[in-house]
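One structure is given below, encoded as structure tokens.
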Amino acid sequence: MSQSEAKEKIKNLIDKYEKVKNAGRLRSYTEEETKKDFILPLFEALGWSVFDKEEVSAEESIKSSGRVDYGFYLNGRPKFYLEAKPLKADLNKEVFADQAIKYSWNRGVTWAILTDFENIKVFCAQEIDKYLAAKFFFEIPYSQYLERFDQLWWLSKEAFTEDILDKEAEKVGKKLHKVPVSELLYKDLGKARDILTETLRICNSNVSKDLLDEGVQKLLNRLIFLRVAEDRGIEPNILTILMREAEAQKSSGQIYKAMVSKFRELDKIYDSNLFSKHPFEDWEEYGGDTEKAIKILYGKKGYYEYDFKAMPADVLGSVYEHYLGYRLAQSKKGVTLAKDAGKRKEQGIYYTPSYIVDYIVKNSLKPVLDKCGSVADL
């Protein structure tokens, strides 16, 4: 679609909106009607195939509200996520922007868009060291869609094929401090591991370096599993509950003991090696640093927050692969983490990307399934 054709379609949408407004029907418009009558047609005018689910996917999952309205993709890669609101909505409510920003950041996507058609707000989701106001890039009210069409066109499919929005943001320094979720998660896992290693070493001086390394890894494996299970709704907020109970009892060592007790319960439920009894469960932790490590796995409220449900498996897998390739080494300060390629090779710590898994399944299992007409055949 040419830009002149896009302008004409957008002009028709503005005229349609004005009729609804003049008729006093704005407040009666639902979110679904707003999306169908205004938001989707607007992005269709900008060149997006809004009815092709490979290009514009509807109702993507998000922890805080159950979904984010649309994901916009090019060649299978997400370009931005959009949160839609009804015409009567107040887009200045921070919670609306937070939904889209949080989801985009956890998916490793730079851009988040909030709109009710009356206004479009664009945010840089990767500005993790800033509050919401600093993540804001620009806003266009519907009355200026034609007047500022060149800027509106930055959101077009054509513009995203040429990374125009990224280039415009770089001109004003909007992407200078971009930190992808994978990089930050890797650093935060390292911080959590450092904290647990140090506090458990001090509280249990009789434990060998190798057993300490193994115990910390086992503990962190469980914490990460629980964070994923919490965000996916498989488990309640177990870790948050334990932290609140420990704070209520004002006991710095309480959370470690309570956590170990919970692990025994989870071992019966999951019946797997993950929660099987390990010597670290008999160790002491009286400094309260376990809580610090747990809090790191939630992110930093107001700046960035981890949502493991939204996070692609490839992000978590890749981060964890590199993170596991470390072992404890002796130093003047006691023990430190040192990169060890031998450990990765020895333990087979290599993450298989999802596209390779898809290929293997498609070419091994699918031919078998295609020949099966029933469960008995299978």
Would you kindly say whether [X] and [Y] are connected by a side-chain donor-acceptor distance under 3.5 Å?
X: Thr199; Y: Tyr286; value: no
X: Asp188; Y: Tyr306; value: yes
X: Glu5; Y: Ser2; value: yes
X: Ser276; Y: Asn273; value: yes

Check this for me: does any side-chain nitrogen of one of [X] and [Y] sit under 4.0 Å from a carboxylate oxygen of the other?
X: Glu139; Y: Arg148; answer: no
X: Glu44; Y: Lys9; answer: no
X: Lys93; Y: Asp90; answer: no
X: Lys209; Y: Asp213; answer: no
X: Lys309; Y: Glu230; answer: no
X: Lys218; Y: Glu214; answer: no
X: Lys36; Y: Glu33; answer: no

Pair [X] and [Y], ring centroids less than 6.0 Å apart:
X: Phe38; Y: Tyr142; answer: no
X: Tyr145; Y: Phe117; answer: yes
X: Trp111; Y: Phe160; answer: no
X: Phe72; Y: Trp48; answer: yes

Please indicate whether [X] has more than 12 foreign heavy atoms, meaning atoms of other residues, nucleotides or ligands, lying under 6.0 Å from its [atom1].
X: Asp271; atom1: CG; answer: no
X: Lys292; atom1: NZ; answer: no
X: Arg244; atom1: CZ; answer: no
X: Lys277; atom1: NZ; answer: yes
X: Asn22; atom1: CG; answer: yes

If you measure from OH on Tyr17 to NZ on Lys21, what distance do you get to the nearest 0.5 Å?
5.0 Å
Distance under 6.0 Å and angle within 45° of the ring axis: does Arg264 meet both against Phe275?
no
Between [X] (side chain) and [Y] (backbone), is there a donor-acceptor pair under 3.5 Å?
X: Ser205; Y: Ile202; answer: no
X: Lys167; Y: Glu162; answer: yes
X: Ser28; Y: Arg25; answer: yes

What is the ring orientation for Phe225 with Tyr270, classed by angle as parallel under 30°, tilted 30 to 60°, or perpendicular over 60°?
perpendicular
Is there a continuous path of hydrophobic side-chain contacts, each under 4.5 Å between heavy atoms, that joins [X] to [Y]?
X: Val260; Y: Ile241; value: no
X: Leu369; Y: Val357; value: yes
X: Phe80; Y: Leu42; value: yes

